[in-house]
Amino acid sequence: MRFSRAYIPTVKEAPNEATLPSHIFLTRAGFIAHIASGLYNYLPLGKRVIRKIENIINEEMARAGCEEVELAFVTPAELWQESGRIEKFGKELLRFRDRKENLFVLGPTHEEMMVSIVRNRVSSYKQLPLNLYQIKTKFRDEARPRFGLMRAREFIMKDGYSFHATVEDMNREFDAMEAAYKRILDRLGLEYRIVEADSGAIGGSGSKELMVLAESGEDTLAVCDTCAYGANIEAAVRAPKSAPSEAPVAEFNRFKTPGIKSIADLSAFFHVDPYYTLKCVAKRAVYEEGSKIVLFFLRGSDELQKVKAQNAAKALEIVDVGEEELSEAGLHVGFIGPLDLKGFTCIFDEALRCATSMICGANEVDYHFVGVDLGALGEENRFADLSEVKEGDGCPRCSGTLSYTKGIEVGHIFKLGTTYSKVLKAEFLNEKGQAEPFVMGTYGMGVSRLVAAVIEQHHDEKGCRWTRATAPYTLNILVSNVKDEAQNDLGELLYAQFIKAGVEVIFDDRKERFGFKMNDAELIGFPFTLIIGKGLEQGTVELYVRESGEKLEIPVAEAFACVMERL
RNA sequence: CGGGGUGUAGCUCAGUAUGGUUAGAGUACUUGGUUUGGGACCAAGGGGCCGAAGGUUCGAGUCCUUUCACCCCGACCA
């Protein structure tokens, strides 16, 4: 492509709403154009990057034995009613009616559609397994789109679905997909981590997220400094904590603790480590029908992890409760304890199993109990993992230490099981001739989000630094002064040579000054720029390497070979 | 969905407390000339229903009402 003919509208100033490097540079360098909230147009350079990522995904999917399909973007609402997700998804589902007043939705993910194309067509275990995927525009009417391509309403995603006769076979495919996704991210040149994840509303028995490591990531990850363990903070677990100090010896007793409401005060009052105090976090758990107050108990040294709490309460949502509301319910903030507490759902953190020598609220203003043995609690009390992993906690897999890092979720793979096949009645006949629902897996990868993720991880103050596999053009041939015939001629010659060699090359033949063109080259972020300029009189050209910033002087005669060697 | 902010040239923004010639700057664009290794200089140009609707007024970018859009913080987010 000749730069003079290409549509690459670069600009000096970024729109003021852009805050992330990927958003700023993709806009300034002319890859994308904002059109409305959460909607972007892909300009020629952006489209090229997307295609390159798609190609790599397609190649790796083919290698893993998957087949590509393309499902309708507009999907009948009946399928969503059948699966029950039309309510669950809520307002994120964009709905509309056609001229006959039939209800449709724009697909935000395609479990239902994919199940529907397989059910009643695949009827025997002999036809399994099957892994079908598509790369397609999705739409989610996000409450607050932001960060450019990172959280857009319309976005491109690869979504794959596998169908199996047994759980074992699904597990095998799950591992195969994890391996395929790793290869994709390796080829794209990204630094990433695969972490354990919360399965969220999509359900299923297990899931992992592929996280591109970047400062601007929206997700907090707990990763081990020794082994490969990593998990989203929402799902992270830790090695059991050892007691920080000797347990405070005390007979069971009721103590007056005037005005002592916080864990810090309590621990100071009794001169004990917060580890030996019992923290109560009251929340309102919202269900499809109604809501109720749930009391979560943890050690005073731990914090409640909201997603874990929500899962433990099997609630749709967990919201805060006001102090007044609690008082009306007969609870005294700061003095809530599990003893003699009737009529409330209590959930205890795993770290409290058989905890002894605890100090907890006495459900009476200004009183706490000491010497409490939680092992004495009745059977009706439930235990669950509720506490949030902190930096410095022990790794659950090895003797290493966990620390936080930030990640961009670019992929999520799920062991779905029979969640969807059951409700949608998608069944096959097993060896014994009995009908069984498909065992399914689902595998997503955000293509447009990957475009942003590459830049979040590969940029500097001047602009983009595309990796080899993602660059819109690998090589940029820059003629410093197009009025200089020798420079121009050499540019044309090399341009033709590289095209012939199959290199993705762009030829900057614009009638602009050197600095202007260099700034564009750096903003756009071509991995290599071959500068034909003032060195030509001495018989040399320069190769500028964007990643390292180095400029190599090369004799003209060796230019072609030398560049080819480095690509 | 709660709280806040902003809408004026392709882009970044002045101008709006106090209404008053023909609405400005930078940048980008067009033309001519000079320049040619880090977003050049000189000169001459084109470009606006001041987000939309209604109102107050002799007169509205500016005041009042309504509305729409976009952005930011939070809630939410397979």
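Any value given below was found using the heavy atoms of this structure, including those in side chains, with hydrogens, waters and symmetry copies removed. Given the structure is predicted, the values throughout are model-derived calculations rather than measurements. Within every chain, numbering begins at 1; the chains are lettered A, B, ... in the order of the sequence lines, protein sequences first and strands thereafter.
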Audit row: Lys390(A), Asp302(A), salt bridge (Lys or Arg N to Asp or Glu O under 4.0 Å) steps and yes/no: CA-CA 9 Å; Lys390(A) 290 180 184 165; Asp302(A) 287 329; 5.0 Å; no

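Listed by first and then second residue, the ring-ring contact (aromatic ring centres under 6.0 Å, His included) pairs that reach into residues 507-535 of chain A are Tyr495(A)-Phe507(A), sequence neighbours excluded. The side-chain hydrogen bond (donor to acceptor under 3.5 Å, both in side chains) contacts involving residues 24-47 of chain A comprise His23(A)-Tyr40(A), where partners must be two or more places apart or lie in separate chains.
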Secondary structure of RNA chain B in dot-bracket form (Watson-Crick or G-U wobble, distances below 3.5 Å, | marking inter-strand pairs): (((((((..((((......[...)))).((((((.....)))))).....(((((..]....))))))))))))....

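For Arg510(A), the side chain to side chain donor-acceptor pair (under 3.5 Å) partners are Asp508(A), Asp520(A), not counting sequence neighbours.
Using the six-membered ring where Trp is involved, Trp80(A) and Phe89(A) have ring planes that are perpendicular, over 60° apart on the 30 and 60° scheme. Classified by interplanar angle (parallel below 30°, tilted 30° to 60°, perpendicular above 60°), the ring pair Phe438(A)/Phe163(A) is perpendicular.
Residue Gly90(A) is out of contact with every strand shown, counting any heavy-atom pair closer than 4.0 Å.
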Contact pattern, 5' to 3', of nucleotides 39-45 of chain B - B, S or - by protein heavy atom under 4.0 Å: BB-----

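Closest to the Phe514(A) side chain, of the nucleotides rU36(B), rC77(B), rG37(B), is rG37(B).
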Tabulated below should be each protein N or O lying under 3.5 Å from an N or O of nucleotides 73-75 of chain B; please produce it.
unit_1  : atom_1 : unit_2    : atom_2 : d
rC73(B) : OP2    : Arg144(A) : NH1    : 3.2
rC73(B) : OP2    : Arg144(A) : NH2    : 2.7
rC73(B) : N4     : Arg144(A) : NE     : 3.4
rA75(B) : N6     : Arg146(A) : NH2    : 3.4

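Interface remark: the Glu542(A) side chain does form a donor-acceptor pair with the rG37(B) base, using a distance-only criterion of under 3.5 Å.
The CG atom of Leu39(A) sits 13 Å away from the P atom of rA69(B) (whole-angstrom rounding).
Nearer the 5' end of RNA chain B, as judged by each residue's closest nucleotide, is the contact made by Ala14(A), out of Ser37(A) and Ala14(A).
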